Amino acid sequence: MEKPTDMSAVALVETNAKPLGLQLVNSYMTNKKSSPQDLVELAHQVSKADEFVRANAGNKLSLIAEQIKYLQEQARKVLEEAKKDADLHHAACNIVKKPGTTYNLYKRESGQAYLSILSPEEWGPACPHEYVGSWRLEFDQSWTPLKDVERRDQENLMVTKVLDHQLALGESDFFSGLTGEKANVQALTAEQKS
Amino acid sequence: MSKPQYKVADISLAEWGRKAIELAENEMPGLMMLRKVYGPKKVLKGARIAGCLHMTVQTAVLIETLTELGAEVQWSSCNIFSTQDHAAAAIAKTGVPVYAWKGETDEEYLWCIDQTLVFADGKPLNMILDDGGDLTNLVHTKYPQYLKDIRGLSEETTTGVHNLAKMMAKGELKVPAMNVNDSVTKSKFDNLYGCRESLVDGIKRATDVMLAGKVAVVAGYGDVGKGCAQALRAFGSRVIITEIDPINALQAAMEGYEVTTMDHAVQEAHIFVTSTGCADVLTGEHFSQMQDDAIVCNIGHFDCEIQVKWLNENCASKDTIKPQVDRYTMKSGRHIILLAEGRLVNLGCAMGHPSFVMSNSFSNQVLAQIELWTKHGEYPIGVHLISKKLDEEVAAAHLDKLGVVLTKLTSQQSEYLGIPVEGPFKPAIYRY
């Protein structure tokens, strides 16, 4: 931020030689700065205030900017995942894909990528095509990379537990169950501990 | 790593598969009879059978017959699309190593066959049960070291039998082979009676067309054509036959069918069925003359009987009404409905052969395996037909279920005819 060093940059309130209709005897004397320091002080104050305002605005803006960046990142991730999911769904495949099954992606010499239920381990050294990776098809038609399957299972387990708990509450308690999050969380943590 | 215990699409389908298998068992009396007769004796004990044949519900009943007879069995499918995943799952669940799923790639197909060669104890196969010859070829070319212990192979189909004859001529065949395909109870039943039921099933499922009153052309009056013509006539269609062989043409005429050429019949007919085994039976020339919404399908083994390529190239547009049913709009404005893309209509649009008729074929397979295994050394290397006696045994095994009561020859009658009371009843040349 550039500091306003020029004293004239300090905006003082306009002078009035006849305030409220009364003619001042000597407006110059009345308005004369007692010390040149005063102006500097003022200027500093203004400039400091400026900095604070800017800083404050900056803080707020940067928060928003961060959020935008985060959202953009999220959006990019969603789009990328959607594209990956779509790509995997569109890879050549002779079988009807079934959620819960792990599929392995291979690439033929022709460049064609295809999904197979045979893993590279099952193929062994005889594997005829380049192995690209393995994913599990989820029930929402998304794909989980093999290395993340365990984490995803944990998440699913949590969801299942919450759902089971909701169901256990019975139909009449359903709506109160929805808002009674505390009870759920307690139940969950208790279960996890045990 | 060691091979997986089994590889199927979805093991959770096993329960459903089991129900389907139980249902099929009741429709496969031949196999069940063989279980009753040979099961307690465990005649196949010691046999390690590698099988390569469509992994369907009917095949599941075959596999369980073989295991009940004491054999160890490992299975793969002989077609990348023909596996019924629930049947495969049910078999895998019983502990029989099966490597088959609907929609294999060609490479996976060979991987599957490969897995069936060496058994759990590390010993290789000593029997082959094949359909189409791929397993036979694989062992002969890639694993010749196993051949010395293989007592024999049985082959299910025409293609495979041709392959065996070729191998034999070149001196490449190294084990005794049984031609199951040409048993009377196989080819005369599955071609004729199988197609007689499944052709119309396919046409009906695909189009729901009324057959009564329609004119249908059946090209080719072999076993398949005979079955098709009979079925169409039974529904009230007026059937026209085309033939190149004067004997078959005369047969058709004697049955009361009009026999003429496709060129003559083409404008008159509403439904076209090809069952010749020949190429280019229905051509562009024919398509241009057909009536609006003529139904065209093939039930011969190969897909070259109908010039589908011509249709694709010369139509104004093509509409897929549902899988396996395409409606072409011709430039003339007329339409042609093609079923199963010119491939086997009973497989593409229906469920193929019913269990009962497969019981005939598979009973032949089981008897062929028993012959080759128990009479090791009696069959020289070569392609053998199943004996008339066994052929008759297969038929006999199906009679009870149908409530058929067989008449027995008295010893005097037997003497008069010169035929043993227990058969065989016909000489090899008899045509049935």
Side-chain angles (χ1 to χ4, degrees), chain A residues 85-144 146-147 149-150 152-153 156-157 160 164, chain B residues 1-17 54-55 74 76-89 92 97-118 120 122 138-139 141-143 322-324 341 343 348:
Chain A
D85 285 354
D87 281 353
L88 282 171
H89 277 296
H90 284 129
C93 187
N94 286 354
I95 32 189
V96 179
K97 291 185 276 282
K98 208 181 157 289
T101 314
T102 300
Y103 295 93
N104 309 284
L105 191 71
Y106 295 92
K107 210 168 178 183
R108 304 181 79 89
E109 297 89 10
S110 66
Q112 187 194 37
Y114 70 94
L115 285 172
S116 163
I117 56 171
L118 273 191
S119 70
E121 292 78 38
E122 284 165 337
W123 264 116
C127 185
H129 302 127
E130 184 196 335
Y131 170 65
V132 182
S134 303
W135 289 267
R136 186 179 69 185
L137 180 62
E138 303 295 343
F139 284 85
D140 61 0
Q141 297 294 312
S142 68
W143 298 88
T144 309
L146 206 54
K147 64 174 167 52
V149 159
E150 216 168 299
R152 177 100 188 214
D153 281 343
N156 287 351
L157 202 65
T160 315
D164 285 351
Chain B
M1 77 173 239
S2 61
K3 65 169 184 163
Q5 168 63 28
Y6 59 81
K7 190 77 190 175
V8 299
D10 183 359
I11 193 70
S12 69
L13 299 175
E15 215 171 303
W16 173 32
H54 309 286
M55 185 55 247
Q74 301 197 123
S76 62
S77 189
C78 67
N79 178 292
I80 61 173
F81 286 115
S82 67
T83 296
Q84 292 170 343
D85 286 328
H86 63 318
V98 50
Y99 307 87
W101 57 93
K102 189 183 179 73
E104 298 160 8
T105 66
D106 290 327
E107 294 84 8
E108 289 164 352
Y109 169 62
L110 283 183
W111 178 88
C112 287
I113 300 179
D114 241 44
Q115 307 307 307
T116 63
L117 302 182
V118 179
L138 183 80
V139 174
T141 54
K142 251 180 94 182
Y143 301 97
K322 58 185 172 184
Q324 312 283 354
E341 296 168 27
R343 297 193 180 88

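All heavy atoms count here, side chains included; hydrogens, waters and symmetry mates do not. Note that this is a predicted model, so its numbers are computed, not measured. Letters A, B, ... mirror the listed sequences (proteins, then strands); counts begin at 1.
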Heavy-atom pair of closest approach, residues B/Lys102 and A/Ile95: O-CG2, 2.8 Å

Residues, nucleotides or ligands: over 12 heavy atoms within 6.0 Å of B/Tyr6 OH: no

Most contacts with chain A, counted as non-hydrogen pairs under 4.5 angstrom, among B/Glu107, B/Gln115, B/Glu104: B/Glu107

Distance-minimising heavy-atom pair for B/Val8 and A/Ile117: O-CD1, 3.9 Å

Options A/Ala126, A/Gly124, A/Ser116, A/Pro125, ranked by heavy-atom pairs under 4.5 Å with chain B, top entry: A/Ser116

Those residues of residues 10-17 of chain B, ordered by number, that approach chain A below 4.5 Å (heavy atom to heavy atom): B/Asp10, B/Ser12

Contact summary for B/Glu108 and A/Tyr114, nearest pair of heavy atoms: OE2-CE1, 4.1 Å

Closest non-hydrogen atom pair between B/Trp111 and A/Glu122, with its separation: NE1-O, 3.1 Å

Side-chain touch A/Leu118/B/Tyr99, heavy atoms, less than 4.5 angstrom: no

